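To start, the structure itself, in structure tokens.
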Amino acid sequence: MTFTNQTLFLRPHVRSLAYCLRVMPPQRAEVERRYNGTFYIYSNGSKIPRGPAEEYAPVVLQSFNISSYLMDVYGYPIWRAAINQVRQSGNFSMSPPFLQQGHWRMGSFLPHYGDVDPNLLTTVEARNATCVGYVVTVLNVEEVFGSVISRFKDSDLYISAITRVSPSLELNDYYNCTKDQNPCEVRFFGNRPKPKNSEGVSVPFTYGSQDIELQCWYTHNIHLHVLREMIAWPLLMLAVVVFCIVAVYLVLKRMSTAEKDVDEREKIHAKLREAKLIAEAADTAKSSFLATVSHEIRTPMNGVIGMTNLLMGTDLTPQQLEYVKIAQASGNALVALISDVLDLSKIEAGRMEIETVPFDMREELDNILSLFEEKVHQKKLEISALVHDSVPQWMYGDPGRLRQVLINLVGNAIKFTKQGHIFLCVRLVDPFFYETISPPTSEQFFDLVDIKRKHSIVEVEGVDSQQDQTSLKGAIAVRSSLFRARHQHMAPPRLSMKPGPLSSSSCVAEWRNWKPIGDLGFDEVTCVISIEDSGIGIPKFMQSRLFEPFVQADSSTSREYGGTGIGLSICQKLVRLTRGDIIVESEPGEGSVFKFSQVLPTSGQRGDLQKLAFAMKRTPSGLQDERVSGIKVLLVDANPVRQEVAATYLRRVGALIEYAEDARIALELLARNDGPPFQAVIVDLQGMDHNSSIRLVQRLKESTFKRIPVLALSIPPDSSLQSELHEAGYLHIVHKPLRCTTLIAGLIQSLGMQVTNPSRKQNTNAEMLSNKRLLVVDDNMVNRRVASSMLQRYGATVVTVNGGNQAINAVRNQPPEKQFDMILMDIQMPEMDGYEATRLIRKWEVDKCEQCRALEKIEYDYEEIKECSHHRIPIVAVTADVMKGTHEMCFSAGMDDYIPKPLDQKQLQLLLERFLERRLVNAPGSSAK
């Protein structure tokens with residue numbers, strides 16, 4: 001009813017509005033239980049329970065100014081006839097007038113037949129059978145008639161209105177008439193009857209099934225009144241002439257000032273054009289400043305981080321290694337801060353680009369968990385991720401920006417959590433939902449995702465059903481109810497690691513059984529990702545300001561935990577660039593839950609490469625092992641949500657799973673003879689106390705199941721506990737955070753099978769670039785030293801030069817048999833930058849190539865570069881400029897790929913692999929292109 005209350009000014013004479021539910025006698029008990037009350041009526045000013053009746057119409061929705069919840073409107077004879085009439089006719093109907101608080105009022109009724117085709121409501125029987133309720137309003141008819149008649153009434157005209165009611169309605173006492181008087185009538189507007197000798201008219205009409213008569217008469221001699229009107233007309237014409245003269249004068253005066261206004265507007269427009277040019281120049285200067293600042297800061301950081309990487313590859317004492325790691329971590333933190341500031345500036349300037357490339361959501365989450373592995377091990381925290389089976393394996397979007405948001409949120413969760421857990425949950429919103437309702441605003445969207453569960457899990461969400469209904473406005477609530485009539489939940493429930501209904505077995509079962517409905521061939525899907533922690537929580541008064549730049553919960557937060565307060569602001573802006581939004585739910589001392597949505601296409605911009613279906617069973621890349629498919633595994637854990645995390649990974653590789661909450665149930669399941677035998681037992685040590693987990697494996701080893709391997713899942717235990725677990729009988733311990741690769745590899749090892757671990761390529765292949773000659777071009781000596789040292793570790797012969805001119809001379813003076821295999825070119829250098837040097841090298845290649853000259857004489861054009869495809873030297877941009885457009889400028893100048901500063905060993909490894917496999921990003925004929 002919030003919409004009704006807010007738009008009351010549109011219906012000034014409607015004093016109240018309600019919705020009555022049609023209830024038949026067999027339905028009364030169920031409806032009273034659902035709405036937590038008893039039907040009643042008022043008698044002599046007292047509220048009394050409604051007795052048995054042929055039908056009921058209790059009020060279930062009402063405007064704020066009345067309190068008639070569950071009052072049976074059908075129990076009043078004055079309304080009963082109108083209700084019967086409106087239900088049978090299917091049209092608007094009104095009740096006879098009645099006195100309330102000294103004013104005459106009439107009730108108006110409109111039938112509601114639910115979601116039924118109107119073509120089926122052609123008979124009275126059909127309308128009686130399908131009617132589900134009535135919309136009821138109460139009008140102040142005295143005000144209505146007074147408002148309308150006041151526009152036509154003068155002081156000499158008297159108007160009165162009466163209505164006639166059939167005596168068969170048994171309203172005789174109310175209208176003070178007898179059954180013999182037909183019709184009964186009441187005067188509800190104007191309290192004076194028409195004199196017998198007066199001149200007047202009567203206008204009978206019917207409105208809303210009520211017979212109404214309007215009576216009008218003059219209170220004086222009408223002939224004198226006409227004479228007075230005839231005298232008034234000449235006076236009126238004189239007034240019109242005077243008005244026209246004044247109007248012409250004002251128009252002429254306005255025209256004289258119009259020329260002045262035009263001149264003023266021209267001056268204003270000139271100033272606006274000047275201000276626009278100044279603003280554009282300022283924006284260009286800002287972009288140039290950010291690019292310069294980025295380059296100047298990243299250049300020395302390249303030396304710091306690069307040298308620490310090289311230093312870590314030497315023989316160091318443990319103390320020295322710790323010092324180097326601290327220095328490297330500090331450098332990486334500074335680079336991350338610089339990146340955050342630049343990202344915030346790019347977003348505010350509208351220069352942030354969002355890519356559309358295919359990515360695997362599950363693989364991204366596994367990679368993110370691996371990034372925080374060392375931190376959570378140090379703090380003894382449990383971190384896990386759960387992706388619903390309905391989420392497509394491949395989606396299109398910007399995985400780098402998604403990774404940036406998740407790293408920020410997970411990093412904050414770890415930072416502010418001293419003990420407990422961090423839990424990531426990814427859900428899919430049913431695409432069919434958007435056939436029924438357009439995407440709502442952020443708060444309404446997240447309310448719709450979880451509204452149904454808020455009714456059933458009141459103690460968890462902390463709101464009641466009345467608040468949930470009022471949180472949805474207007475058409476959103478109506479369309480949502482239409483959708484829920486076909487499908488109960490628009491998304492799986494949000495699971496939680498905290499004890500409560502969201503971590504119960506029934507909630508996990510609902511999670512497993514949820515599937516989207518309707519046609520699954522949609523062009524895009526919406527995912528809701530939540531990050532839950534058991535940290536310090538956030539006060540309510542700070543949650544509305546949490547996503548503002550440079551804002552933290554309080555001043556002590558930055559002192560104790562560090563940080564600048566711009567991470568969440570960037571997260572919000574990045575999420576909104578993907579047509580999503582982000583909210584937070586938190587209580588101080590109870591942890592926080594950040595939820596954000598993302599709209600992700602299921603096909604890329606480069607063509608519909610693959611129309612993705614909602615597959616319920618997938619195999620992760622690199623784990624297509626037929627030996628695992630079909631094995632039967634018993635999962636032992638008291639927490640159903642933690643069970644589901646491990647079960648999701650096992651289902652992806654085709655394992656059969658059964659669940660046990662404790663040792664007793666586990667032994668009972670193992671002793672059953674029905675179905676295939678168990679081939680492995682997986683025990684989560686965080687789901688059982690230490691003694692129970694030891695006794696379980698010992699009892700298994702003493703029973704007939706001693707040959708079944710037992711695998712443990714745990715945060716890394718200390719050496720003594722790990723030895724005790726192995727001695728008790730655990731064959732293998734998989735350390736958390738749990739990932740698909742580690743779990744399946746541990747399971748295969750426990751089964752006695754050979755596991756082929758992919759070797760790490762980073763910094764291990766000293767012969768990778770043997771017999772390769774590389775040229776490093778940079779005006780900074782430290783950067784040249786870092787790049788050459790990193791490349792020499794791969795066996796390359798490296799030549800370094802200081803600037804673009806020296807690079808061109810080095811290329812031209814090299815014998816053909818000793819020409820460089822690749823050039824790493826800095827961008828911003830004095831005298832000649834990397835762009836110009838690259839263009840001149842490409843021109844030299846064309847001029848030097850006999851094949852190109854044989855085809856035709858090619859005139860070099862700086863705007864349209866002619867490149868030689870026969871003897872092309874790969875050139876890679878090494879740039880600290882991360883602003884928008886830098887990469888495009890590199891490619892247009894003739895470069896083949898790029899790598900950012902500061903140089904990272906992993907990124908350099910990937911670049912060298914692309915170089916050796918001839919798939920640099922912009923190289924002619926590259927598969928990556």
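When reading the values below, keep in mind they use all heavy atoms of this one structure, side chains included, and skip hydrogens, waters and symmetry mates. These figures come from a predicted structure and were not determined experimentally.
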- Message: Is it the case that the side chain of Gln643 and the backbone of Ala660 share a donor-acceptor pair, with hydrogens and angles ignored and the cut-off at 3.5 Å?
- Response: yes
Should Phe416 and Asp533 count as side-chain neighbours, where that means a heavy-atom distance under 4.5 Å? no
_Determine whether a donor-acceptor pair (N or O, by modelled atom type, separation under 3.5 Å) exists between the side chain of Lys379 and the backbone of Ile414._
yes
Honestly, is Arg512 close enough over Tyr659, meaning NZ or CZ under 6.0 Å from the six-membered ring centre and within 45° of the axis? yes
Exercise. Using a 4.5 Å cut-off on heavy atoms from C-beta on, say whether the side chain of Met361 contacts that of Leu600.
Key: yes
Scanning both residues in full, the closest heavy-atom pair of Trp511 with Val387 reads CZ2-C, 4.0 Å
Would Tyr396 and Glu524 count as having a side-chain donor-acceptor pair, cut-off 3.5 Å? no
**Prompt:** Do the non-hydrogen side-chain atoms of Val599 and Thr578 ever get within less than 4.5 Å of each other?
**Reply:** no
Value for OG (Ser534) from CD (Glu532), rounded to nearest 0.5 Å, stands at 8.0 Å
Fill in: Side-chain (Arg362) to main-chain (Val391) donor-acceptor, under 3.5 angstrom
yes
- Item | Sidechain-backbone polar pair: Thr742 side chain, Leu738 backbone, donor-acceptor under 3.5 Å | no
Distance col, row Ser504:OG vs Leu495:CG, nearest 0.5 angstrom, shows 9.0 Å
Residues His735 and Pro717: closest non-hydrogen pair is NE2-CD, 3.9 Å
Closest heavy-atom pair, Pro737 versus Val376, reported as atoms and distance to 0.1 Å, is CD-CG2, 4.1 Å
Please determine whether the number of non-hydrogen atoms from other residues, nucleotides or ligands lying under 6.0 Å from atom CD of Glu668 exceeds 12. yes
| Taking C-beta and beyond as the side chain, do Met497 and Arg642 meet within less than 4.5 Å on heavy atoms? | yes
Separation between CG (Leu667) and CG (Leu696), nearest 0.5 Å, reads 6.0 Å
Q. Are Val697 and Leu725 side-chain neighbours, meaning at least one heavy-atom pair lies under 4.5 Å?
A. no
### Query
Any side-chain heavy atom of His690 sitting closer than 4.5 Å to one from Ile694?
yes
CD1 of Ile715 to NE2 of His377, rounded to nearest 0.5 Å, is 8.5 Å
Validation row: Ser714, Gln686 side chains within 4.5 angstrom (heavy atoms) = yes
Check: With a 4.5 Å limit on heavy-atom distance, are the side chains of Phe678 and Glu658 in contact?
Finding: yes
On a heavy-atom basis, the closest approach of Phe596 and Ile531 is CE2-CD1, 3.8 Å
Would you say the side-chain atoms of Gln698 and Arg695 include a donor-acceptor pair closer than 3.5 Å?
no
Between Ala491 and Val429, the two heavy atoms sitting closest are CB-CA, 4.3 Å
Sorted by chain and number, sequence neighbours left out, side chain to side chain contact (heavy atoms under 4.5 Å, CB included) with Leu916 holds for Met768, Leu769, Lys772
d(Ile682 CD1, Leu747 CG) to nearest 0.5 Å is 5.0 Å
From the list Glu364, Glu363, Glu373, salt bridge (charged side-chain N to carboxylate O under 4.0 Å, His left out) with Arg739 holds only for Glu373
May I ask you to decide if Gly687's main-chain N or O and Asn639's side chain share a donor-acceptor pair within less than 3.5 Å?
-> no
Shortest non-hydrogen pair, Ser586 vs Ser592, comes out as OG-OG, 2.8 Å
| request: Flag yes if more than 12 heavy atoms outside Lys375 fall under 6.0 Å of its NZ atom; otherwise flag no. | output: no
